[in-house]
Engineer: 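I'd like to ask some things about the structure below.
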Amino acid sequence: MIKDRINHLRDYLRENKIPAVLISKDENVHYFSGFYGDSTVLLITEEKAYLITDCRYIEQAQQQAPLYELIEQNEGLIKVSAGLAKKIGVRSISFEGSSLTFNDYSKLAKELHPIKPGISVSLDELRVIKEREEIACIEKACDIGDDAFEDIITYIKPGMTEIEVAARLENTMRCLGSEKVSFTTIVASGKRGSLPHGIATDKLIFEGEFVTMDYGAVYRGYHSDVTRTVCIGTVDGKQREIYAAVLSAQELGVSLLKPGASGIGVDKQARLLLEKAGFAKYFGHGLGHSVGLEIHEEPRLSPKSNCESLKAGTVITVEPGVYIPDWGGVRIEDTVLVTETGSRRLTKSRRKLLEIKGN
């Protein structure tokens, strides 16, 4: 698997006439080497593959990245990487501009002299289509999130704080095998539900309020992302109407995912449904984003998406929402795999409107 990824990367380097590349983004270091840690870079040429790290990670790298020649450094990653590039005689070395700070780039250019740095590259596009093993890891992370939801709906009750709910979700996922949380857990209740990224606070949850929970697990480096909105007590007519509209938009979005679909097109259809229901003006973000070693990856489903044709093997979220100031909000989100014939939900917890009573 790693060998195939390195070969794919080398094809990319040849196509773009790049003699060598310095990989510094943690997720790409992991993807192309198997090494799972930080403070490490890869230097890859047509013939050679080096992993440069410090004494803390040498033993780990020996186990996780056997295809790489290991270079132990104690003078700084940039200095040692530049010295190695000059030693092996590369004409130029490209870099990941999105992960290399300006200061590190300036240092790299200085240390490389008289070799000039090559072009900035983005290697994330090589991770868009997930392999079978990657999908299995994402699916496991999704299962953990689903199990956490089944637990939280037996636990949550009026008088709890949003932070208590977030803590329970996070602890449950850790106990089920999550390495960490995918992102800062969102728990937004009542009027705070109008905040799409309303992270948990010490606000008390009251009877009759919607509670939106957006959270995820990480399994072997791969993320899941799920949002569920539940009512604590009995829903009223407006809550039921808005929830039904969001659920319909979410189901439509999932149904439209297939190879060849465009990111703009899928977003537009779900948005039109919310428009017909009278709520589109309260839906300000994109319909979804891809998921993998990062919680937010390309391609995306949005009015500004650059994805003209989804491909099988892409894992992407569908997460329409309605956020009404001084009232609250609803979001429903699933992580979904684009298959050869359509799509398959990887998060499977209940999406119907739940009225949680008597906990």
Side-chain angles (χ1 to χ4, degrees), residues 1-9 23 25-38 40 42 51 57 60-61 63-68 99 123-151 169-185 214-228 254 257 259 288-300 310-319 333-340 342-349:
M1 182 173 65
I2 297 298
K3 185 176 181 180
D4 291 339
R5 293 176 184 176
I6 296 172
N7 288 336
H8 191 197
L9 173 61
I23 300 177
K25 186 174 181 177
D26 288 343
E27 292 83 6
N28 288 334
V29 169
H30 174 63
Y31 183 79
F32 289 109
S33 72
F35 173 80
Y36 194 15
D38 56 19
T40 299
L42 307 178
L51 185 150
Y57 293 120
Q60 178 183 338
Q63 297 169 358
Q64 295 179 339
L67 297 181
Y68 282 74
S99 69
L123 303 179
D124 294 356
E125 63 189 72
L126 302 181
R127 296 192 281 115
V128 168
I129 299 174
K130 272 46 179 186
E131 300 162 353
R132 183 182 305 173
E133 294 85 353
E134 293 180 283
I135 294 169
C137 289
I138 297 171
E139 194 154 18
K140 175 63 176 178
C142 290
D143 290 344
I144 291 171
D146 285 340
D147 289 344
F149 179 73
E150 292 303 317
D151 171 80
L169 282 168
E170 293 172 3
N171 184 65
T172 300
M173 289 190 292
R174 288 288 277 174
C175 291
L176 291 170
S178 180
E179 298 163 6
K180 57 183 179 180
V181 293
S182 285
F183 50 89
T184 303
T185 299
D214 186 351
Y215 61 96
V218 179
Y219 183 76
R220 295 185 179 177
Y222 287 87
H223 296 68
S224 66
D225 196 356
V226 60
T227 306
R228 292 292 184 264
V254 172
L257 293 181
H289 57 87
S290 292
V291 177
L293 288 171
E294 297 178 90
I295 188 60
H296 294 114
E297 297 186 352
E298 298 291 340
R300 297 177 185 248
L310 285 171
K311 295 180 173 56
T314 302
V315 177
I316 199 162
T317 68
V318 179
E319 50 178 306
E333 174 187 23
D334 283 307
T335 301
V336 184
L337 171 67
V338 180
T339 68
E340 295 289 348
S343 66
R344 177 167 65 88
R345 293 180 196 261
L346 301 184
T347 44
K348 305 179 180 71
S349 50

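If you're wondering where the values come from, they're calculated on a predicted model, not measured in any experiment. Sequential numbering from 1 along the given sequence is applied to the chain's residues.
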Engineer: Are the side chain of Ser224 and the backbone of Ala141 linked by a donor-acceptor contact shorter than 3.5 Å?
Structural biologist: yes
Engineer: Within a strict 4.5 Å, meaning less than it, do heavy atoms of the Tyr31 and Leu42 side chains meet?
Structural biologist: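 No. Closest side-chain heavy atoms not under 4.5 Å.
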Engineer: How many angstroms lie between atom SG of Cys137 and atom NZ of Lys130, to the nearest 0.5 angstrom?
Structural biologist: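 Reported value, rounded in 0.5 Å steps: 12.0 Å.
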Engineer: Consider side chain to side chain donor-acceptor pair (under 3.5 Å). Of Glu298, Arg300, Glu319, which one does His289 pass it with?
Structural biologist: Glu319
Engineer: Is the closest side-chain donor-acceptor distance between Tyr222 and Glu134 under 3.5 Å?
Structural biologist: yes
Engineer: Before you tell me yes or no, could you show the steps for Asp147 and Thr172 under side chain to side chain contact (heavy atoms under 4.5 Å, CB included), namely the whole-Å CA-CA distance, both residues' side-chain angles and the distance that decides it to 0.1 Å?
Structural biologist: CA-CA 8 Å; Asp147 289 344; Thr172 300; 5.9 Å; no
Engineer: Counting C-beta onward and ignoring hydrogens, is there a side-chain heavy-atom pair between Arg220 and His30 closer than 4.5 Å?
Structural biologist: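 When only atoms from C-beta onward are counted, His30 and Arg220 do not touch, as no gap falls below 4.5 Å.
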Engineer: Between the side chain of Thr40 and the main-chain N/O of Asp38, is any donor-acceptor distance below 3.5 Å?
Structural biologist: yes
Engineer: For the atom pair CG (Leu176) and CG (Asn171), what is the distance rounded to the nearest 0.5 Å?
Structural biologist: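 One gets 9.5 Å once the value is rounded to the nearest 0.5 Å.
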Engineer: Would a distance-only check, ignoring hydrogens and angles, find a side-chain to backbone donor-acceptor pair under 3.5 Å from Tyr215 to Gly145?
Structural biologist: yes
Engineer: Nearest 0.5 Å, please: how far is CD1 in Ile135 from CD1 in Ile129?
Structural biologist: 10.0 Å
Engineer: Quick check against the 3.5 Å criterion: does Ser343 have a side-chain atom that pairs as donor or acceptor with the backbone of Val254?
Structural biologist: yes
Engineer: Between atom CG of Asp143 and atom OG of Ser178, what is the distance when rounded to the nearest 0.5 Å?
Structural biologist: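 Separation between the atoms: 12.5 Å.
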Engineer: For Ile295 and Ser182, which heavy atoms make the closest approach, and how far apart are they?
Structural biologist: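 Ile295 and Ser182 have their closest heavy atoms at CD1-CB, 3.9 Å.
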Engineer: Less than 4.0 angstrom from a charged side-chain N to a carboxylate O is my criterion; do Arg228 and Asp334 meet it?
Structural biologist: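 Yes, this pair counts.
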Engineer: Can you confirm whether Thr314 sits close enough to Ser290 that some side-chain heavy atom of one is under 4.5 Å from a side-chain heavy atom of the other?
Structural biologist: yes
Engineer: Can you confirm whether His8 sits close enough to Leu126 that some side-chain heavy atom of one is under 4.5 Å from a side-chain heavy atom of the other?
Structural biologist: yes
Engineer: Under a 4.0 Å N-O cut-off, is there an ion pair linking Arg127 with Asp124?
Structural biologist: yes
Engineer: Counting C-beta onward and ignoring hydrogens, is there a side-chain heavy-atom pair between Leu9 and Ile23 closer than 4.5 Å?
Structural biologist: yes
Engineer: Do the side chain of His223 and the main chain of Val218 share a donor and acceptor less than 3.5 angstrom apart?
Structural biologist: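 Flag not set: sc His223 to bb Val218 has no pair under 3.5 Å.
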Engineer: Is the shortest side-chain N to carboxylate O distance from Lys348 to Glu139 below 4.0 Å?
Structural biologist: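 Yes, charged N to carboxylate O under 4.0 Å.
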Engineer: Taking all heavy atoms of Ala61 and all of Leu51, pick out the closest pair and write down the distance.
Structural biologist: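 Shortest heavy-atom contact: CB-CD2, 3.9 Å.
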Engineer: What distance separates Thr339 OG1 from Leu257 CG, expressed to the nearest 0.5 Å?
Structural biologist: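 Reported value, rounded in 0.5 Å steps: 9.5 Å.
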Engineer: Between the side chain of Gln60 and the main-chain N/O of Tyr36, is any donor-acceptor distance below 3.5 Å?
Structural biologist: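 Yes, Gln60 side chain to Tyr36 backbone: donor-acceptor pair under 3.5 Å.
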Engineer: For Pro299 and Val128, work out which heavy atoms get closest and say how close.
Structural biologist: CD-CG1, 3.8 Å
Engineer: Mind checking whether Val226 and Cys142 have side chains closer than 4.5 Å, heavy atoms only?
Structural biologist: no
Engineer: Roughly how far apart are Glu294 CD and Asp26 CG, rounded to 0.5 Å?
Structural biologist: 9.5 Å
Engineer: Return the set of residues passing side-chain hydrogen bond (donor to acceptor under 3.5 Å, both in side chains) with Glu131 (not counting sequence neighbours), or none when no residue passes.
Structural biologist: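 side-chain hydrogen bond (donor to acceptor under 3.5 Å, both in side chains) list for Glu131, sorted by chain: Arg5.
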Engineer: Are the side chain of Asp146 and the backbone of Ser349 linked by a donor-acceptor contact shorter than 3.5 Å?
Structural biologist: yes
Engineer: Ignoring hydrogens and geometry beyond distance, is a side-chain donor-acceptor pair present between Thr317 and Asp225 at under 3.5 Å?
Structural biologist: no
Engineer: Contact between Phe35 and Val29 at the side-chain level, heavy atoms closer than 4.5 Å - yes or no?
Structural biologist: yes
Engineer: Would you mind reporting whether Phe32 and Leu123 have side-chain heavy atoms less than 4.5 Å apart?
Structural biologist: yes
Engineer: Tell me the closest heavy-atom pair linking Val291 and Ile138, and the distance in Å.
Structural biologist: O-CD1, 4.0 Å
